[in-house]
Chemist: 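Just passing along the structure, written as structure tokens.
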Amino acid sequence: LVMSRREERRSLLSDTDISTDPIEGGSPSDERLTDRDPISGTQRSAIDGTIAAIFVVAFDTRAGNILEWSLPTDLDYGDIEFKALASGLHTIFSDFNYFKIGRLFGLSCYHRLKLEGEEAERERGARMKSIGVLSGSYNGLHTHMEFLQQAVQHLNLNPGNYTALEEYYEQHKTSIQESEEPALSPRNLQLPQLTITHPAGSFGHVWHFFRESIFVLWKAALLRRRILFVSPPPVGVTCYRVYCACLMANHSVGVVAERDINPLFFVNVADVPMLEKETSYIACTTEKIFAMKTSLYDVYVDNQNVTVLGQIRDGLRCTAKDCLRYQQVENQWYDHALSVSDEDVSSKDKMLMESFQRMNNRILGKLAEISRSDSCDLSKDEVKQLGLDPVGDHAFLQQLIDLYSFDVELESTGFSTCCPEFC
């Protein structure tokens, strides 16, 4: 029975295109790092700037968050008034937010206008609105940000004037059917245009913000765990952490049991029923109540504190090797710290993203290669060649093998996983 299962899995692997396996030298050739967005999979030259909807969400002193205006009017916008006006936004003057409604991705820009006189009395001193768009592709949402930021400020000054929004919708609209996209896969989804998808330095900021713990997030993303970032406003910064976590899981290796990346971006308590059904996602929230709902996530990231829950904890640790890897990268950048231009920062982001992709390609490629060979054993020396700790990363590798259905046997470490040094 064991042999029949092994032969079946090898047969499946034989039918899978693994021509991109980067085995030699532990790093892939340059052509494998193609220029694609890691979430939508769209080439930079094919960025989709069309939208399925445009909307206005406002805070009403009597009704709370409301959907004030929208086109088209017959679309189900769900709880969009709580996505576009996140909890806690009243404490800041402007922000932006990425989220997901059904199969559509959304971007909204928020603005709070301080009022005086009679208007202040009627609206509790401030007028708060968000204007956003929905699209089937995350890839092109950033192209609308400048318009949305200007439009929401204009609407706060001129309530009820939707002419510019109507014209913008007519110029960029597409049908819902055309806008929807299939499930998102990480294979061959390479190298987005960081300088336009989000501000230069955001990946570098995430790197420095989490320090060595970033490798815990990397392992969790590669294992397709449920990851929830929790942070007070501004929301936009936390949405970028979701995006960067998706980047860290990027690879170009063909595997049998592929697992799609599932970025949800901003979520709130209204999404609890949906989150209960998800087996894998990366999301963020401003609502601390999620700290009590531990069944909804595997990794809880409260600002810089990364907490792993349950039995998967052994597979998601920061080993001494991870700490050394982090310090080596820091040392490489130290000499350039005094002369950092926007171009330098963008190059740093690109280098980080490529480094994570190479690690993923090296690890998954080696596991796929062994699965197709006569010997299914992965030795401790081979684990070291992959840049991993044979003891500290033993549980991580085993979980990776199980997740992707690799026919690989890990060499016994002879030690308990509690023995190695961790950061």
Side-chain angles (χ1 to χ4, degrees), residues 37-39 95-99 107 138 141-142 145 186 189-251 261-267 281-286 297-308 316-318 322-323 325-334 336-337 340 342-360 423:
D37 187 276
I39 298 177
D95 197 8
F96 63 93
N97 187 8
Y98 287 92
F99 53 89
L107 167 65
Y138 166 86
L141 283 177
H142 64 278
M145 185 175 291
L189 310 185
Q190 320 298 329
L191 217 58
Q193 177 84 350
L194 288 177
T195 53
I196 60 172
T197 302
H198 54 72
S202 71
F203 203 124
H205 171 77
V206 170
W207 169 270
H208 292 296
F209 185 76
F210 289 108
R211 295 185 61 80
E212 294 87 349
S213 294
I214 198 165
F215 291 105
V216 176
L217 298 176
W218 162 60
K219 293 171 187 178
L222 196 58
L223 287 171
R224 301 295 182 263
R225 298 303 183 188
R226 299 172 300 169
I227 306 172
L228 182 64
F229 292 88
V230 183
S231 182
V235 181
V237 174
T238 317
C239 286
Y240 285 152
R241 293 172 191 166
V242 172
Y243 182 77
C244 290
C246 292
L247 290 179
M248 289 189 286
N250 200 17
H251 71 82
I261 295 174
N262 186 22
L264 301 178
F265 294 99
F266 179 78
V267 296
Y281 69 80
I282 307 177
C284 63
T285 187
T286 59
Y297 45 80
D298 303 311
V299 181
Y300 185 80
V301 188
D302 186 352
N303 266 324
Q304 291 173 291
N305 300 314
V306 181
T307 304
V308 182
L316 297 178
R317 295 189 179 186
C318 185
D322 293 329
C323 294
R325 181 185 290 116
Y326 178 85
Q327 195 56 52
Q328 287 174 336
V329 174
E330 286 294 289
N331 292 340
Q332 289 177 359
W333 290 337
Y334 179 77
H336 305 284
V340 179
D342 289 342
E343 183 177 353
D344 293 330
V345 172
S346 181
S347 297
K348 180 178 178 179
D349 283 355
K350 180 178 178 181
M351 187 200 75
L352 276 173
M353 186 169 54
E354 289 179 344
S355 296
F356 277 106
Q357 182 185 327
R358 286 193 175 97
M359 283 196 298
N360 298 339
C423 295

Chemist: Tell me every residue that passes salt bridge (charged side-chain N to carboxylate O under 4.0 Å, His left out) with Arg241, counting only those two or more places apart in sequence or in another chain.
Modeler: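 Salt bridge (charged side-chain N to carboxylate O under 4.0 Å, His left out) check on Arg241 returns nothing, list empty.
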Chemist: For a quick test of reading the model, state the closest non-hydrogen atom pair linking Gln304 to Phe209 and the distance between them.
Modeler: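 That would be NE2-O, 2.6 Å.
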Chemist: Which of these, Ile214, Val299, Leu316, Val308, sits in a side chain to side chain contact (heavy atoms under 4.5 Å, CB included) with Lys219?
Modeler: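 Only one of Ile214, Val299, Leu316, Val308 forms a side chain to side chain contact (heavy atoms under 4.5 Å, CB included) with Lys219, namely Leu316.
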Chemist: To check you understand the geometry: which heavy-atom pair defines the closest contact between Thr286 and Phe266, and what is its length?
Modeler: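 Shortest heavy-atom separation between Thr286 and Phe266 comes out as N-CE1, 3.7 Å.
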Chemist: Short question: side chain of Glu212, backbone of Tyr326 - any donor-acceptor pair under 3.5 Å?
Modeler: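 Here the side-chain-to-backbone pair does not exist.
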Chemist: Evaluate the side-chain proximity of Ser213 to Cys318: yes if any heavy-atom separation is below 4.5 Å, no if none is.
Modeler: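 The answer is no; the side chains never approach within 4.5 Å.
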Chemist: Which residues satisfy the side-chain contact (heavy atoms from CB on, under 4.5 Å) test with Ala245, sequence neighbours excluded?
Modeler: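 If we apply the side-chain contact (heavy atoms from CB on, under 4.5 Å) test to Ala245, skipping adjacent residues, the hits are Phe229, Met248, Ile282.
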Chemist: Would Trp218 and Asn360 count as having a side-chain donor-acceptor pair, cut-off 3.5 Å?
Modeler: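 Present: a donor and an acceptor within the cut-off.
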Chemist: A side-chain contact here means heavy atoms from C-beta on lying under 4.5 Å apart; do Phe356 and Leu247 qualify?
Modeler: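 They are not in side-chain contact.
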Chemist: Closest approach of Arg317 and Val216, non-hydrogen atoms and distance?
Modeler: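 Minimum heavy-atom separation between Arg317 and Val216: C-CG2, 3.9 Å.
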Chemist: Pick one: which of Tyr98, Phe265, Phe203, Tyr138 meets ring pair (Phe, Tyr, Trp, His ring centres under 6.0 Å) with Tyr243?
Modeler: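 The single option meeting the ring pair (Phe, Tyr, Trp, His ring centres under 6.0 Å) with Tyr243 is Tyr138.
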Chemist: Looking at every heavy atom in both Gly236 and Asp95, which two are closest together, and how far apart are they?
Modeler: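 Closest pair (atom of Gly236, atom of Asp95, distance): N-OD1, 3.2 Å.
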Chemist: Phe99: which residues meet the ring-ring contact (aromatic ring centres under 6.0 Å, His included) condition with it, sequence neighbours left out?
Modeler: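 In terms of ring-ring contact (aromatic ring centres under 6.0 Å, His included), with neighbours along the sequence ignored, Phe99 is linked to no residue.
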Chemist: What pairs with Ser231 under side chain to side chain donor-acceptor pair (under 3.5 Å), at least two apart in sequence or on another chain?
Modeler: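 Testing Ser231 for side chain to side chain donor-acceptor pair (under 3.5 Å), a comparison that skips the adjacent residues, returns Asn303.
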Chemist: Is there a side-chain contact between Arg325 and Glu330 (heavy atoms, below 4.5 Å)?
Modeler: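 Counting from C-beta outward, Arg325 and Glu330 never come under 4.5 Å.
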Chemist: Does the side chain of Leu228 reach to within under 4.5 Å of the side chain of Val301, using non-hydrogen atoms?
Modeler: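 A side-chain contact under 4.5 Å is absent here.
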Chemist: Restricting to side chain to side chain donor-acceptor pair (under 3.5 Å), what partner residues turn up for Asn97, sequence neighbours left out?
Modeler: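 Partners of Asn97 under the side chain to side chain donor-acceptor pair (under 3.5 Å) test: none.
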Chemist: Listed by chain and number, what are the ring-ring contact (aromatic ring centres under 6.0 Å, His included) partners of Tyr300, not counting sequence neighbours?
Modeler: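 Listed in chain order: Tyr297.
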